[in-house]
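All values below were derived from every heavy atom in this structure, side-chain atoms included, with hydrogens, water molecules and symmetry-related copies excluded.
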Amino acid sequence: MRYAQGGGLTDERRSFREKLRMEAAERFRLGDENTVIAHDLRVSVRSVQRWRRAWSQAGSRALASKGPASLPLLSDELFAVLERELAKGPVAHGWPDQTWTLSRIKTLIGRRFHKSYTVQGVAVLLKRHGWSSQVPARRAIERDENQVDGWVKETWPSVEGPWRRSTPGSSSRTRPDSR
């Protein structure tokens, strides 16, 4: 079973499912019916039928967990290297601006580690390691924060004009006389 947030079953969940299948195998040996087993184990009858078919062909070992469906292409050590590469920025890797996209990260993984990911796979990989998608604030590389602060304090007030101060009882609406 796959989940919307990425990844498959956890090790604990995979172990729990294997215990269910082994319990079903014991019940097969005792001659219990599929519907009774499904009800007691709170699984679908269809799953029990599938498990019984595998058990009848190869015994209990056919119901043992085969581990995760797929292992990540990048180990934790290689992901740490990827993080260091990402910290250098896209310009250091030949792109013209400072924006990391999933497509660019996919290309970087291919160049640096000779591993092939899909764009969606890169998104899952990053999410699994705590990264989130963000839209960067558009700011010029040449931006000088001190000059911006000075302009906001000195020039902007004269451009904006004085604020209308509200006084108690004042309102921007006027009520027509109803005399």
Legend entry - Lys153 atom NZ, neighbour heavy-atom count above 12 within 6.0 Å: no
Legend entry - Where Ala25 and Ser60 come nearest, the two heavy atoms and their spacing: CB-OG, 3.8 Å
Inset, instruction - Grab the two heavy atoms, one from Arg27 and one from Val36, that are nearest each other, plus how far apart they are. - result: NH2-CG1, 3.6 Å
Inset, instruction - Flag the pair Leu41 / Val48 as yes when at least one side-chain heavy-atom distance between them is below 4.5 Å, and no otherwise. - result: no
Inset, instruction - Say whether Val91 and Leu102 are linked into one hydrophobic cluster, either directly or through other cluster members, by side-chain heavy-atom distances under 4.5 angstrom. - result: no
Legend entry - Partners passing ring-ring contact (aromatic ring centres under 6.0 Å, His included) against Trp100 (at least two apart in sequence or in another chain): His93, Trp95
Legend entry - Backbone of Arg52 reached by a side-chain donor or acceptor of Ser56 within 3.5 Å: yes
Legend entry - Heavy atoms of other groups near His129 NE2, more than 12 under 6.0 Å: yes
Inset, instruction - Provide the closest heavy-atom pair for Leu63 versus Met22 in the form atom of the first, atom of the second, distance. - result: C-CE, 3.6 Å
Legend entry - Asp76 CG to Arg128 CZ distance, which is reported to the nearest 0.5 Å: 10.5 Å
Inset, instruction - Please round to the nearest 0.5 Å and tell me the distance separating atom NE2 of His39 and atom CG of Asp32. - result: 13.5 Å
Legend entry - Interatomic spacing from OG1 in Thr155 to CD in Gln147 - rounded to 0.5 Å: 10.5 Å
Inset, instruction - Examine distances only and state if a side-chain atom of Glu18 and a backbone atom of Ser65 form a donor-acceptor pair shorter than 3.5 Å. - result: yes
Inset, instruction - Return the minimal non-hydrogen interatomic distance between Pro90 and Gln98, and the atom names on each side. - result: CD-OE1, 3.2 Å
Inset, instruction - To the nearest 0.5 angstrom, please state how far the OG atom of Ser133 sits from the CG atom of Leu126. - result: 9.5 Å
Inset, instruction - With sequence neighbours excluded, tell me which residues meet ring-ring contact (aromatic ring centres under 6.0 Å, His included) with Tyr117. - result: none
Legend entry - Ile109 side, atom CD1; Leu78 side, atom CG - distance, nearest 0.5 Å: 10.0 Å
Inset, instruction - Answer yes or no: are there more than 12 heavy-atom neighbours, outside Arg42 itself, under 6.0 Å from its atom CZ? - result: no
Inset, instruction - Quick one: closest heavy-atom pair of Leu73 and Lys115, and the distance? - result: O-CE, 3.6 Å
Inset, instruction - Would you name the heavy atoms of Ala64 and Arg21 that are closest together and state the gap between them? - result: C-NH2, 3.9 Å
Legend entry - Note, Ile105 side chain near Trp131 side chain (heavy atom, < 4.5 Å): no
Inset, instruction - Measure the spacing between CG of Leu74 and CD of Glu83 and express it to the nearest 0.5 Å. - result: 11.0 Å
Legend entry - Flag side-chain contact, heavy atom, 4.5 Å: Ile37 against Trp51: no
Legend entry - Sequence-distant partners of Glu23, salt bridge (charged side-chain N to carboxylate O under 4.0 Å, His left out), two or more places apart: none
Legend entry - Side-chain donor/acceptor of Arg112 to backbone N/O of Leu82, under 3.5 Å: no
Inset, instruction - Find out whether Leu86 and Leu108 are in side-chain contact, i.e. whether some heavy atom of one side chain is under 4.5 Å from a heavy atom of the other. - result: yes
Inset, instruction - Inspect the contact between Arg14 and Glu12 and indicate whether a charged nitrogen and a carboxylate oxygen are less than 4.0 angstrom apart. - result: no
Inset, instruction - Look at the rings of Phe28 and Trp55 and say which category their plane angle falls in: under 30° parallel, 30 to 60° tilted, over 60° perpendicular. - result: tilted
